[in-house]
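For reference, the structure is listed below as C-alpha cells.
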2 protein chains.
Amino acid sequence: MNKAEKTKQFIVEMTAPVFNEKGYTGTSLTDMTNATGLTKGSIYGNFANKDEVALACFDYNLKKVTTIIRQELDKQKTYRDKLLVYVHVYENFLKHPFPIGGCPILNTATEADDTHPLLKQKATDAILSWKGVIMDLIEKGKDNGEFSEDVNAEQTALTMIATIEGCIMIAKLTGKMNYRNTIMQSVEKMVNGL
Amino acid sequence: MNKAEKTKQFIVEMTAPVFNEKGYTGTSLTDMTNATGLTKGSIYGNFANKDEVALACFDYNLKKVTTIIRQELDKQKTYRDKLLVYVHVYENFLKHPFPIGGCPILNTATEADDTHPLLKQKATDAILSWKGVIMDLIEKGKDNGEFSEDVNAEQTALTMIATIEGCIMIAKLTGKMNYRNTIMQSVEKMVNGL
DNA sequence: GTTTTATTATACCGTTCGGTATATTTATAG
DNA sequence: CTATAAATATACCGAACGGTATAATAAAAC
C-alpha cells in the first residue's frame, strides 16, 4: 500500500461518517477538507470528483457492517443462532464498530432513490445481497432440519430486513432505546417461530 | 381564504413533491421557482425562509397520508379490519393520492435526524402519533373481544410501523412490487394472529 | 546526490446558493 | 375613479458551491 492508496483510504475513513450523517448533497467539499485536514487539491489529486469519494465512502460504511455481521455469524453454530445474529448486532450496535450516522443502506436508499442512480444501485445491491445471505441461512437450516420445510425463505428474509431497517429509523429518530429493543424482540420471536 | 393564503397554499402544493423527492438540502430555491412558476421574491413574500416552506410541505405531505388512512379506517367496522387498512393502503398506494417521493416520515427521518432539529421533531411527532393510533385500535379490539388480552399493543404497533416503513424503503429502492406484497403479507399475518 | 515522479497546497475559476431591497404590478377600499 | 395596501417581479448581495490549473513539496528511482 503506497502513499497514494494510504491517503485515499485516509480520506475515505475521515469523510465516511460525514457522508453517512449529512448525506451526499448535505456534505460539502469544505466538510471534507475539515474532516481530513487536507486541502481540496489533495482530495482531488486522489479522487476524480465528489461522487467518487461518496461511492467509496458508502462501500466503506457498508463493509463496516458486513464485517461485524460475518464475524458474529462465524461464532454461531446453529442456523437459528446465525439468524439471531442480526437481532443481537442491531440491538447492541454500540458494542460494535458501527458506522456513525446509522445504517448506510437506509440513509443512502432514502436520499438517493430519486436523485442519485449510482448510489441507488449500490444500496440496491446491498439489500439484495443481504436478502441472499439470510435466504441461504434459512435454506440451509431447512436442509438441516432446524426449520420447518414450509418456511418461505424469501418472505422471511425480506420481512426481517424491513423490520430491522424500520427499527433503526424509529429508534434513531425518537431516541428511545426501548423501542428498538421491543421491535427487535418481535424479530427474535419471528426467527424462533421458523 | 384571501389571495395571500391561496398563494401560500399553492406554493406548498407545488413544492411539496420536490421536497419529498430531493430532500431539504437537495431542494434549491431554483427548484422552488421552477415548480411554482413564481419568482424568489414572490415566495419570500409569503414565507420567511426556505425552512418555513419545508416545514409546511412536510405537514402537507403527511396530511395526505393521514387523510387517506382516516378515510379508510372509517370504512371498516372491526378493529382487525381497521388494522389491516395500513396493509392495504400501503400495498395499493398507487390507488390513493399518495405523496410523490414516498413516505414523508421515512424521507424526513433519515435526512433530518442528524441535521435539522425542526424537521426531525415533526417526523418524531408523526411516528408517535401513528403509534398512538394503532395502540388505540388494538386496545379497543381487546376490550371488544376481537384480540387476545395478552397482546402487547405497543410492541405490535411499533413492529407494524417498522415493517411498513422498511417495506416502503425496500420496494421503492429495488422497484420490485412483489417484494412489497410479500412483506405486507407478513404484516397481514401478524394482524390476523392478534 | 540528483533527477524524475508522485503528492499536496495555493489561488483562483464560473456558478449557484439562500436571501433581500426596491420597483412594479395587481387587488381592495373608499 | 382614485388612493391605499398587498402581492409579485427585478436586480442584486455576499458567501459557499464543486472543480481546476499551477506552483511547491515530498517521495522514489537511478
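Within every chain, numbering begins at 1; the chains are lettered A, B, ... in the order of the sequence lines, protein sequences first and strands thereafter.
Distance CD1 (Ile11(B)) to C1' (dA7(D)): 10 Å, rounded to an integer number of Å. Note: CD1 (Ile43(B)) to P (dT10(D)) measures 13 Å, nearest angstrom. The interatomic distance linking Phe47(A) (CZ) with dG18(D) (C1') rounds to 16 Å, in whole Å. Rounded to whole Å, the distance from NE2 on His116(B) to P on dG18(C) is 12 Å. In this structure, NZ of Lys6(B) is placed 12 Å from P of dA7(D), rounded to the nearest angstrom.
Axis angle across the helix from dG1(C)-dC30(D) to dG30(C)-dC1(D), with five pairs used at each end and values rounded to 10°: 10°.
Between Tyr44(B) and the phosphate of dT20(C), there is no side-chain N or O to OP1/OP2 separation shorter than 4.0 Å. Checking the phosphate oxygens (OP1, OP2) of dC17(C), a side-chain nitrogen or oxygen of Thr30(B) falls inside 4.0 Å.
Thr33(B) and Thr30(B) share no side-chain donor-acceptor pair at under 3.5 Å. Between the side chains of Thr159(A) and Thr156(A), no donor-acceptor pair is found at a separation under 3.5 Å.
Panel note: side chain Glu146(B), backbone Arg80(B); a donor-acceptor pair is recorded below 3.5 Å.
Summarising the geometry, atom OH belonging to Tyr179(A) is positioned 3.0 Å from atom NZ belonging to Lys131(B); distances are rounded to the nearest 0.5 Å. The structure places CG of Asp125(B) at 12.0 Å from NZ of Lys120(B), a figure rounded to the nearest 0.5 Å.
Placement of Leu118(A) and Tyr60(A) within a single hydrophobic cluster is found when ILVMFWY residues are connected by side-chain heavy-atom separations under 4.5 Å, directly or transitively.
Salt bridge present: Lys140(A) and Asp136(A) bring a charged side-chain N and a carboxylate O closer than 4.0 Å.
Within 6.0 Å of NZ on Lys176(B) lie no more than 12 heavy atoms contributed by other residues, nucleotides or ligands. Under a cut-off of 6.0 angstrom, the local environment of NZ in Lys142(A) is crowded, with over 12 non-hydrogen atoms contributed by other residues, nucleotides or ligands.
Relative to the ring axis of Tyr24(A), Lys50(A) places its NZ or CZ within 45° and under 6.0 Å from the centre.
Of the candidates Gln71(B), Lys95(B), Glu72(B), Glu72(B) is the only one forming a side-chain contact (heavy atoms from CB on, under 4.5 Å) with Val89(B).
Residues from residues 17-29 of chain B placing a heavy atom under 4.0 Å of any atom in DNA chain C, listed by number, are Thr27(B), Ser28(B), Leu29(B).
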Would you tabulate the pairs of protein nitrogen or oxygen atoms and nucleotide nitrogen or oxygen atoms of nucleotides 6-9 of chain C closer than 3.5 angstrom?
residue : atom : partner  : partner atom : Å
dT7(C)  : OP1  : Ala4(A)  : N            : 3.0
dT8(C)  : OP1  : Lys3(A)  : NZ           : 3.3
dT8(C)  : OP1  : Thr7(A)  : OG1          : 3.0
dT8(C)  : OP2  : Asn46(A) : ND2          : 3.1
dA9(C)  : OP2  : Thr39(A) : N            : 3.4
dA9(C)  : OP2  : Thr39(A) : OG1          : 3.3
dA9(C)  : OP2  : Ser42(A) : OG           : 2.4

